[in-house]
Amino acid sequence: MKFDPEKHHRQSIRLRNYDYSQPGCYFLTICTHKKQCWFGEIQNDRMCLNQIGKIVAEEWLNTPQIRLNFQLDQWVIMPNHLHGIVIINKHILGLGEGDIDILGARNAPLRKEPNSISSFVAGFKSAVTKRINLLRNNRDVPLWQRNYYESIIRDEQSLIAIREYIKNNPYQWKKDPDNPVNEKSGQVLDLDLHF
C-alpha cells in the first residue's frame with residue numbers, strides 16, 4: 001500500500017512544548033502488540049504472572065537502578081498491558097530525598113532528553129523484548145504496541161485517584177474493553193511459548 005499522508009499521518013498524543021524529562025509524576029500505560037494477553041491471567045480478581053509477565057515485572061523494577069532520578073509508584077501488570085506511575089525526581093539536582101515535584105514544568109521547551117519518559121519507555125520495552133526474544137522461536141512478531149499512553153499528574157487528588165485506579169485494575173478486568181472476552185472478534189495469539 002502506498003503512503004497516503006491523509007490516511008497514514010500519525011498525530012502525536014504528547015503535549016506540545018512540554019519537556020517530558022521535567023520532574024513530576026506521570027501515569028503510563030504500555031500495551032502489548034494487538035493487545036494480546038501475553039503476561040498472564042486474572043484469577044479470582046488477582047493478576048497471576050506467567051514467565052513473560054515476570055520478565056516485565058523484573059525489568060520494571062530495574063528502573064530506579066538504571067535511571068537514578070526515576071522512582072516507581074503504584075503499578076500493575078495486566079494480561080495485555082501495564083499501568084504505572086513513574087516519578088522523575090530532581091533529587092540529584094538538589095530536591096530533598098523522597099520529595100516529589102508533582103507539578104513539573106508547564107511550558108518548558110520540548111527536548112529529547114536521555115532521562116525523559118520516552119527514553120525510559122523505549123529502554124524498558126527494549127530490555128523486555130531482548131529477554132523475551134531469548135525464549136521465543138519467532139523474533140519477527142512484535143511484543144509491544146508501537147506507542148504508549150501517558151498523562152501528567154498535576155495534583156495530589158489526581159495522584160490518589162490514579163493510584164486507586166491502578167490498584168483496582170485487576171478487579172475491573174471483567175469489564176475492561178481491552179479484555180479479549182469483551183471484544184467482538186476472537187483473538188489469535190502470535191507467540192507460541194510453553195510456560
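In this structure, Thr129 contributes its side chain and Lys125 its backbone to a donor-acceptor pair below 3.5 Å.
Side chains of Gln157 and Ile160 form no contact here, defined as non-hydrogen atoms less than 4.5 Å apart. Under the 4.5 Å side-chain criterion, counting only non-hydrogen atoms from C-beta, Ile153 is in contact with Ile85. The shortest distance between side-chain heavy atoms of Phe27 and Glu150 does not fall below 4.5 Å. Trp38 is listed as a side-chain neighbour of His33, based on a closest heavy-atom distance under 4.5 Å. With a 4.5 Å cut-off on side-chain heavy atoms, Lys34 and Asn80 do not count as touching. Looking at heavy atoms from C-beta onward, Asn133 lies out of side-chain contact with Leu143 at the 4.5 angstrom threshold. The shortest side-chain heavy-atom distance between Val76 and Pro170 falls under the 4.5 Å cut-off. You'll find the side chain of Asn169 stays beyond 4.5 Å of the side chain of Tyr171, heavy atoms only.
By the side-chain contact (heavy atoms from CB on, under 4.5 Å) test, Ala57 is found to be paired with Leu49, Trp75, Ile77, residues two or more places apart in sequence or in another chain being considered. Leu72 is linked by a side-chain contact (heavy atoms from CB on, under 4.5 Å) to Trp60, Leu61, Thr63, Pro64, Val86, counting only residues two or more places apart in sequence or in another chain. Here Ser151 pairs with nothing under the side chain to side chain donor-acceptor pair (under 3.5 Å) rule; sequence neighbours left out. With sequence neighbours left out, Glu58 forms a side chain to side chain donor-acceptor pair (under 3.5 Å) with Arg131. Residues meeting the side chain to side chain donor-acceptor pair (under 3.5 Å) test with Ser126, sequence neighbours left out: none.
Between Pro180 and Trp173, the shortest heavy-atom distance links the atoms CD-CZ2, 3.9 Å.
For an aromatic pair to be called close, the ring centres must be under 6.0 Å apart, and Phe39 with His81 fails this.
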Fill in: Criterion side-chain contact (heavy atoms from CB on, under 4.5 Å) on Ile166 and Ile162, from CA distance to verdict
CA-CA 6 Å; Ile166 292 170; Ile162 293 168; 3.9 Å; yes
Practice prompt. With side-chain contact (heavy atoms from CB on, under 4.5 Å) as the test, would you mind laying out the steps for Cys25 and Arg154 before giving the verdict?
Written response: CA-CA 8 Å; Cys25 294; Arg154 298 183 184 272; over 6 Å; no
Item to complete: With side chain to side chain donor-acceptor pair (under 3.5 Å) as the test, would you mind laying out the steps for Trp144 and Thr32 before giving the verdict?
Response: CA-CA 4 Å; Trp144 299 107; Thr32 60; over 6 Å; no
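Applying the salt bridge (Lys or Arg N to Asp or Glu O under 4.0 Å) test to residues at least two apart or on different chains, the pairs with a partner in residues 37-55 are Asp45-Lys174.
Surrounding CD of Gln65 are more than 12 heavy atoms belonging to other residues, nucleotides or ligands, all under 6.0 Å away.
Under the 30°/60° scheme for interplanar angles, the aromatic rings of Phe70 and Phe120 are found to be tilted.
There is a path of hydrophobic side-chain contacts, each under 4.5 Å, that joins Tyr165 to Met47.
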